[in-house]
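Below is one structure, written out as structure tokens, with a few remarks after it.
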Protein chains: 2
Amino acid sequence: MTVTLADVAARAQVSPATVSRVLNGNYPVAATTRERVLRAVDELDYVLNGPASALAAATSDLVGILVNDIADPFFGIMASAIQSEIGGPGGRAGGERLAVVCNTGGSPERELTYLTLLQRQRAAAVVLTGGAVEDAPHAAAVAAKLRKLADAGTRVVLCGRPPAPDTGAIALTFDNRGGGRELTEHLIGLGHRRLGYIAGPEERTTTRHRLEGHRAALEAHGIAEDPGWTVYGRYDRQSGYEATLELLRRDPSLTAVVAANDSVALGACAALRDSGLRIPDDVSVAGFDDLPFSIDAVPSLTTVRLPLAEAGARAGRIAMGREDAPPGGIATIRGELMVRGSSGGPRVS
Amino acid sequence: MTVTLADVAARAQVSPATVSRVLNGNYPVAATTRERVLRAVDELDYVLNGPASALAAATSDLVGILVNDIADPFFGIMASAIQSEIGGPGGRAGGERLAVVCNTGGSPERELTYLTLLQRQRAAAVVLTGGAVEDAPHAAAVAAKLRKLADAGTRVVLCGRPPAPDTGAIALTFDNRGGGRELTEHLIGLGHRRLGYIAGPEERTTTRHRLEGHRAALEAHGIAEDPGWTVYGRYDRQSGYEATLELLRRDPSLTAVVAANDSVALGACAALRDSGLRIPDDVSVAGFDDLPFSIDAVPSLTTVRLPLAEAGARAGRIAMGREDAPPGGIATIRGELMVRGSSGGPRVS
DNA sequence: TATGACATAGAAAGCGCTTGCTGTGACGCT
DNA sequence: AGCGTCACAGCAAGCGCTTTCTATGTCATA
């Protein structure tokens with residue numbers, strides 16, 4: 001039914017071994033023979049059997065990319081950048097690799113299952129993006145899995161995720177703490193003293209780090225934080241909307257709202273507007289990530305730009321072994337404060 | 001080095017065949033034996049060799065998803081929905097499948113290469129999302145590839161893409177023409193007579209259909225279109241920004257701008273604002289897709305909502321054989337006009 | 001002319017799994 | 001008691017490719 005290597009070999013009047021070598025180009029084959037083989041491949045419309053090849057060669061051309069939420073541009077942008085580097089069609093030489101983007105939905109179980117699936121496929125590399133879940137048993141399970149993957153020869157890269165010690169994984173970490181701190185210091189500098197914070201899911205490292213940065217800034221400026229000023233939620237718009245209403249209910253005197261990310265900030269803006277408050281005249285708003293739409297908010301969003309595409313591209317190159325790992329296997333990537341229209345001085349109460 | 005089926009078999013004191021059957025659950029195995037095998041699997045931390053399994057069984061558990069731009073939520077949302085349905089971790093029963101999301105960047109060559117790669121992996125199913133490129137030779141090449149995939153037993157589903165006749169592919173098509181028409185009729189109904197149109201890339205079916213709908217509406221209302229009222233671009237914000245400036249230069253008397261999608265519309269809004277024009281008082285703006293951020297634009301965007309998640313989910317189910325194909329293998333999915341703040345009556349000139 | 005050295009091609013042994021076919025006891029039936 | 005049935009389990013033959021090792025012809029060198 002389907003065309004096999006042997007068929008091509010027969011047609012080209014050579015042995016299967018020769019066909020394989022022509023296809024892989026890793027062994028000298030006379031030019032005329034190569035021609036003949038390639039013609040046969042073409043005429044028969046032969047397509048290599050991936051599984052068979054992977055089995056025999058004990059390697060595959062699959063690269064896994066784990067993301068928390070593929071529908072979120074934060075991950076989409078990184079995934080896109082990673083994929084553009086791992087080759088595949090359009091990429092540079094070095095064999096075509098297939099990117100497997102896996103959507104974990106932020107669930108640790110799924111993350112593990114996907115890692116197993118990738119291990120099963122003998123993936124050439126795996127890139128894990130975004131914050132990790134802090135639950136200890138799961139973290140340990142993931143770490144064990146990563147170690148196993150690394151042992152099996154799969155290159156493991158973390159992109160936008162804290163390092164996983166003793167796993168052999170290369171980490172490209174975002175400086176969420178520093179960014180969070182800088183952002184809040186900017187607001188404090190404008191004169192704000194009563195700042196609400198809309199955090200992401202509580203057990204996520206990203207959430208914690210950004211919040212820590214925020215609190216560090218408060219502390220550094222002698223601002224005592226009211227526990228009611230922090231609300232946890234999800235990393236989406238709706239969560240930001242609801243959390244903002246809650247924040248307003250708890251303390252209507254807040255003059256600024258710092259959001260866990262831009263989507264949340266957008267929700268916050270909507271909630272503020274719906275509550276009859278002006279931005280930034282009545283309340284300033286700040287986001288995080290600087291996703292493409294953030295500049296189009298009205299007023300445009302003050303936020304911390306994370307070089308997602310650059311980080312993804314670098315992670316991709318490292319995963320492909322085309323770039324050296326950073327010293328110590330860990331690199332911290334800083335964000336850049338983008339001051340825009342959504343932040344201003346506090347209203348005079 | 002790595003644990004194989006045989007190792008597990010030895011440990012459980014059964015034959016490899018039995019282990020395989022326990023793992024696949026497709027053959028009666030005595031409960032006690034199964035127990036023993038599972039324990040051995042656990043103790044040895046055995047992970048099935050995917051390629052070997054795929055080779056022997058002549059099927060794989062990979063499902064391909066082709067998207068034009070993974071960083072664009074339009075595709076991210078569909079991909080997410082598809083993936084949630086094709087099983088994988090967290091999905092329902094029926095074996096765990098790995099979703100391979102492939103970023104074509106809208107390039108036909110890449111699309112073809114990815115299809116070949118998926119064919120090579122003997123993918124269980126392939127879902128192609130988004131508009132197709134209209135270049136005849138490429139369309140034919142893609143069609144041929146799809147036919148071959150279908151012949152090889154791979155289920156092929158098109159999601160948000162026009163049907164591909166004679167390929168055996170199931171098509172879930174968006175009614176871009178109808179949506180485009182409805183949108184423009186809404187604007188005409190508000191009194192607009194001079195409407196600019198910012199189209200996507202010229203050779204894309206989505207672009208053509210939406211534009212056709214727009215023109216059909218104009219024609220139905222006896223509005224003669226000025227050729228200068230249409231500008232082609234890309235499906236992104238920047239393109240919308242630039243195109244709007246161009247439109248304004250060509251005809252400052254336009255009272256409405258219809259964009260190819262929401263991102264473009266956002267860029268249009270920014271350009272209008274930067275030109276000192278108010279929305280919708282001076283110029284109305286309309287988008288397409290109703291992505292999550294569209295409601296947060298100020299004013300919120302009038303657009304056509306496409307049920308991306310629903311369509312993706314359905315495509316996923318069909319790909320998995322868990323839902324019947326629509327009659328004739330083709331289903332048209334309609335959009336819903338969302339009238340919001342960015343559209344209003346034209347200014348009185 | 002003899003002799004390595006080299007370039008190229010083939011034979012064949014797997015890679016680790018699935019599955020059709022072949023036992024083999026245990027049962028229930030006549 | 002005799003025999004067909006059935007539920008399990010194992011044997012062994014591949015699945016289609018890669019790769020080691022070996023064979024062969026060709027050159028340049030001694």
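The chains referred to below are lettered A, B, ... by the order of the sequence lines, with proteins before strands, and numbering in each begins at 1.
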Nucleotides 4-6 of chain C: which of its N/O atoms have a protein N/O under 3.5 Å away?
none

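Each of A57(B) and P28(B) has a nearest nucleotide on DNA chain D; the 5'-most of these lies closest to P28(B). Toward the 5′ end of DNA chain C lies the nearest nucleotide of A17(A), the other residue of the pair R122(A) and A17(A) mapping further downstream.
Looking only at distances, no side-chain donor or acceptor of D42(A) sits under 3.5 Å from a matching main-chain atom of L38(A).
In 5' to 3' order, the nucleotides of DNA chain D bounding all contacts with chain B (an atom under 4.0 Å from a heavy atom) are dC8(D) to dG16(D).
For the helix from dT1(C)-dA30(D) to dT30(C)-dA1(D), the rotation axes defined at the first and last 5 base pairs enclose an angle of 40°, given to the nearest 10°.
Side chains of D45(A) and V3(A) form no contact here, defined as non-hydrogen atoms less than 4.5 Å apart. Between L115(B) and L146(B) the shortest side-chain heavy-atom distance falls below 4.5 Å.
Nucleotide dC17(C) holds its C1' atom 13 Å from the CG atom of D61(B), rounded to whole Å. Rounded to whole Å, the distance from CZ on R34(A) to C1' on dT8(C) is 12 Å. Nucleotide dC17(C) holds its P atom 9 Å from the CG atom of D7(B), rounded to whole Å. The distance between atom CG of L55(B) and atom P of dT19(C), rounded to the nearest whole Å, is 12 Å.
Residue D166(B) places its CG atom among 12 or fewer non-hydrogen atoms of other residues, nucleotides or ligands, all under 6.0 Å distant.
Of the residues in residues 36-54 of chain B, those with a non-hydrogen atom less than 4.0 angstrom from any atom of DNA chain C are Y46(B), L48(B), N49(B), A52(B), S53(B). A heavy atom closer than 4.0 Å to some atom of DNA chain C occurs in S20(B), R21(B), N24(B), N26(B), these being the qualifying members of residues 19-26 of chain B.
A salt bridge links R11(A) with E43(A); the closest basic N to acidic carboxylate O contact falls under 4.0 Å.
Residue pairs meeting the salt bridge (charged side-chain N to carboxylate O under 4.0 Å, His left out) criterion with at least one partner in residues 47-66 of chain A, sequence neighbours excluded, do not occur; the list is empty.
In terms of heavy atoms, T154(A) sits closest to A123(A) at OG1-O, 2.8 Å. Considering all non-hydrogen atoms of both residues, L308(A) and F74(A) come closest at CD2-CE1, 3.5 Å.
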List the steps, then state whether side chain to side chain contact (heavy atoms under 4.5 Å, CB included) holds for R161(B) with T205(B). CA-CA 8 Å; R161(B) 174 184 274 245; T205(B) 53; 5.7 Å; no
